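Inspection log for the structure reproduced underneath, given as structure tokens.
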Amino acid sequence: MKYSELLIPTLREAPADAEVVSHQLMLRAGYIRKLASGVYSYLPLCLRVIRKIEKIVREEMESSGAHELLLPIVMPAELWTESGRWDRYGPELLRFKDRHEREFCIGPTHEEAITDLIRHEIKSYRDLPKNCFQIQTKFRDEVRPRFGLMRGREFIMKDGYSFDRDEENALKTYELMYDAYKRIFTRCGLAFRPVEAMTGAIGGSRSHEFQVLADSGEDAIVACDQCEYAANVEKAEIQSSSDDVHQTSAIKGKFRKVPTPGKKTADEVGPVVRLLPQQITKTLVFETDKGLMIGMVRADHQLVEEKFKQATGVEWCHLAHEDAVLKTIGAPVGYVGPIGVTIPVYADHALLAMENFLVGANEKDMHLVDVNLGDFNVTQFSDLRRAVAGDACPRCGGKYSEHRGIEVGQVFYLGTKYSEPMGAHFTDEAGKDQPMVMGCYGIGIGRTAAAAIEQNHDDRGIIWPMPIAPFHVEIIPLARDGEVFEVATKLAAECEDSNIEVLIDDRDVRAGVKFNDAELIGIPYQIVIGMKGLQEGVVEFKDRRTGMTEKIKRDDVLARMLTIFHQEGMS
RNA sequence: CGGGGCGUGGCGCAGCCUGGUAGCGCACUUGCAUGGGGUGCAAGGGGUCGCUGGUUCGAGUCCAGUCGCCCCGACCA
């Protein structure tokens with residue numbers, strides 16, 4: 001394809017609002033342009049990358065038994081009312097009314113639409129399982145869109161939904177999809193890690209996120225250095241080492257009150273009483289559907305609400321408001337402690353290893369020191385905190401290391417969360433009515449492209465992995481006529497005949513401009529054709545990634561490209 | 001939703017404090033030179049200064065409102 005015919009508006013400077021590399025490079029290299037906050041146009045190069053990713057996704061999905069369909073983008077409110085999400089989804093759901101004042105929304109995801117379709121069409125166990133996917137533009141009215149395609153409001157997503165007759169089969173489908181995802185991201189040339197993710201309030205469900213490792217990632221994950229276990233920090237289980245448990249419950253009444261006027265946080269209190277954060281506890285009061293409850297963690301740890309919900313078995317929880325705390329505990333926020341309170345106290349495992357620690361005195365400007373576990377009632381010790389580097393892995397006892405990741409895909413075992421309320425039932429062999437067991441599986445297509453750039457770039461521009469590069473090779477003739485251009489055109493035609501995708505820079509610009517643009521747009525191989533080389537019968541062959549250049553005989557170039565093709569596992 | 005910042009030619013910015021002919025770099029057009037890493041010289045074109053209202057003889061500049069965009073935060077005591 002001719003460079004001159006394509007729309008590739010490269011920029012010397014990146015627009016000031018681009019924060020992360022992938023966003024800057026996509027703008028500079030002429031891949032995307034912003035139309036509104038979080039809404040982007042995909043220019044030709046970008047679309048080619050997206051199509052490549054989609055192709056890989058399609059191939060792997062189809063070969064795993066999932067088949068493509070296309071659901072509407074616009075859905076009536078009734079469907080969402082039925083699932084209960086019209087009210088629960090919040091302002092991220094873009095809603096509007098048609099001319100008859102009927103309410104609609106633009107799909108941020110399609111559980112409702114697919115469940116509606118399937119419940120009408122599938123009646124018998126004989127018709128199961130079914131696994132459908134689509135690749136479609138979604139809209140989520142994000143509070144704060146940022147980082148270009150990484151967190152846009154409008155975005156392209158592959159979303160798949162599976163329907164099985166029972167949990168056993170649904171979990172098999174889950175495994176199939178999990179394996180397909182591994183192949184997809186491997187084929188895209190990405191360094192990624194599947195990690196266990198939060199499952200929310202649905203019991204017995206499973207979820208994995210596929211995280212592309214990158215420092216600019218928005219998600220924090222921990223990975224074990226000994227085994228395969230990896231998880232989102234919010235989800236990661238932490239092994240409470242029994243060696244650390246001190247039998248301090250025997251010690252009682254040793255504590256004493258110390259004045260800490262105006263000092264509320266551990267950072268403030270610590271220096272006053274000369275204690276490290278590891279010797280201080282935080283007592284957090286939560287409002288829940290079962291009334292007020294306390295969660296206690298060490299001051300340098302962070303409580304995870306999801307873990308708290310699981311430990312306590314409550315449906316919902318959020319930190320209690322200051323007034324509520326003052327009213328129930330009798331002390332202002334910052335001075336709350338577990339001693340003498342009447343509401344349930346859930347404590348993190350880490351407290352088992354603490355002795356002579358500090359808590360709030362339930363009295364303004366006062367804390368208690370030399371407190372031990374025997375001094376107050378704990379309803380239950382649980383894993384309540386966010387994992388950090390150095391924590392122990394529950395599977396093998398190895399140590400966690402912490403990483404940043406970009407979530408490019410997610411697989412989720414849904415169970416009957418949608419089939420039950422929406423009446424997606426089938427009749428089994430015994431003639432009994434059963435809810436279908438579902439799973440859902442998403443991949444952010446645009447985000448995958450962005451993640452690939454985060455992982456593959458240098459200070460000159462993008463370096464695409466071969467399987468998702470917009471073109472395989474860029475031919476750069478240093479003249480627009482004569483032998484140089486003739487050779488270039490001929491070589492391009494030969495490559496294209498061998499299914500190698502070629503971008504030929506036929507523009508009337510200086511060599512330097514072509515070189516710089518070539519580095520920027522990141523096509524993995526470059527072939528530079530100039531007069532000097534041709535006189536020796538050679539052209540220059542450059543690997544964008546390594547920057548290595550070598551002179552190759554003109555007649556050997558095609559063979560060379562084909563060799564690389566095979567090495568890269570392309571056909 | 002709270003806090004902060006920014007809206008001046010396609011992009012990046014200066015000018016605003018202290019009101020008085022709207023500027024710079026890149027990009028664009030034309031000509032000449034150049035032709036292997038964003039080349040040089042010369043001549044050009046292009047801006048209701050986000051919008052509305054106010055103060056003033058006079059507003060890009062001061063004031064109020066409004067819209068848009070960006071950043072940080074959203075209660076872990």
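In what follows, every chain begins at residue 1, and chains take the letters A, B, ... in the order their sequences are listed. Below, each value reflects all heavy atoms present in this structure, side chains not excepted, and no hydrogens, waters or symmetry copies. This is a predicted model, so every value here is computed, not measured.
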For [X], which residues count as a side chain to side chain donor-acceptor pair (under 3.5 Å) partner, sequence neighbours excluded?
X	result
A:Thr312	none
A:Arg12	none
A:Lys254	A:Asn356

Mind checking who [N] pairs with, Watson-Crick or G-U wobble, both distances under 3.5 Å?
N	answer
B:U61	none
B:U66	B:G50
B:U29	B:A43
B:U34	none
B:C75	none

**Prompt:** Between A:Glu540 and A:Gln526, is any side-chain donor less than 3.5 angstrom from a side-chain acceptor?
**Reply:**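 No, because no side-chain N or O of A:Glu540 sits under 3.5 Å from a partner of the opposite role on A:Gln526.
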
**Request:** Taking only Lys NZ, Arg NE, NH1 and NH2, and the carboxylate oxygens of Asp or Glu, determine whether A:Lys553 and A:Asp555 approach each other closer than 4.0 Å.
**Result:**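 Between A:Asp555 and A:Lys553 there is no salt bridge, as every charged N stays at least 4.0 Å from the carboxylate O atoms.
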
In whole angstrom, what separates [X]'s [atom1] from [N]'s [atom2]?
X	N	atom1	atom2	result
A:Leu303	B:C76	CG	P	11 Å
A:Met26	B:C11	CE	C1'	20 Å
A:Glu13	B:G9	CD	C1'	15 Å

Can you name the atoms? Protein N/O to nucleotides 33-41 of chain B N/O, anything below 3.5 Å, with the distance.
from	atom 1	to	atom 2	distance (Å)
B:U34	O2	A:Arg510	NH2	2.3
B:G36	N1	A:Glu540	OE2	2.9
B:G36	N2	A:Glu540	OE1	2.6
B:G36	N2	A:Glu540	OE2	2.7
B:G37	N2	A:Arg460	NH1	2.8
B:G37	N2	A:Glu519	OE2	3.4
B:G38	O2'	A:Arg12	NH1	2.7
B:G38	O2'	A:Arg12	NH2	2.8
B:G38	N1	A:Asp517	OD1	3.1
B:U39	N1	A:Arg510	NE	3.4

**Request:** Determine, for nucleotides 66-73 of chain B in 5'-to-3' order, which nucleotides have protein heavy atoms under 4.0 Å from the base (write B), from only the sugar-phosphate (write S), or from neither (write -).
**Result:** ---SSSB-

**Request:** Please say which of A:Glu483, A:Glu486, A:Glu536, A:Glu494 ends up in a salt bridge (Lys or Arg N to Asp or Glu O under 4.0 Å) with A:Arg554.
**Result:**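 Passing option: A:Glu494.
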
**Asked** Does the ring centre of A:His472 sit less than 6.0 Å away from the ring centre of A:Tyr525?
**Response**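 Not under 6.0 Å, so no.
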
**Message:** Under the side-chain hydrogen bond (donor to acceptor under 3.5 Å, both in side chains) definition, can you give me all pairs with a residue in residues 270-288 of chain A, not counting sequence neighbours?
**Reply:**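 As it turns out, there is no side-chain hydrogen bond (donor to acceptor under 3.5 Å, both in side chains) pair with a partner in residues 270-288 of chain A once direct neighbours are skipped.
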
**Message:** Using a 3.5 Å distance criterion without hydrogens, assess whether the side chain of A:Glu142 forms a donor-acceptor pair with backbone atoms of A:Arg153.
**Reply:**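 Pair absent, no side-chain N/O of A:Glu142 close to backbone of A:Arg153.
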
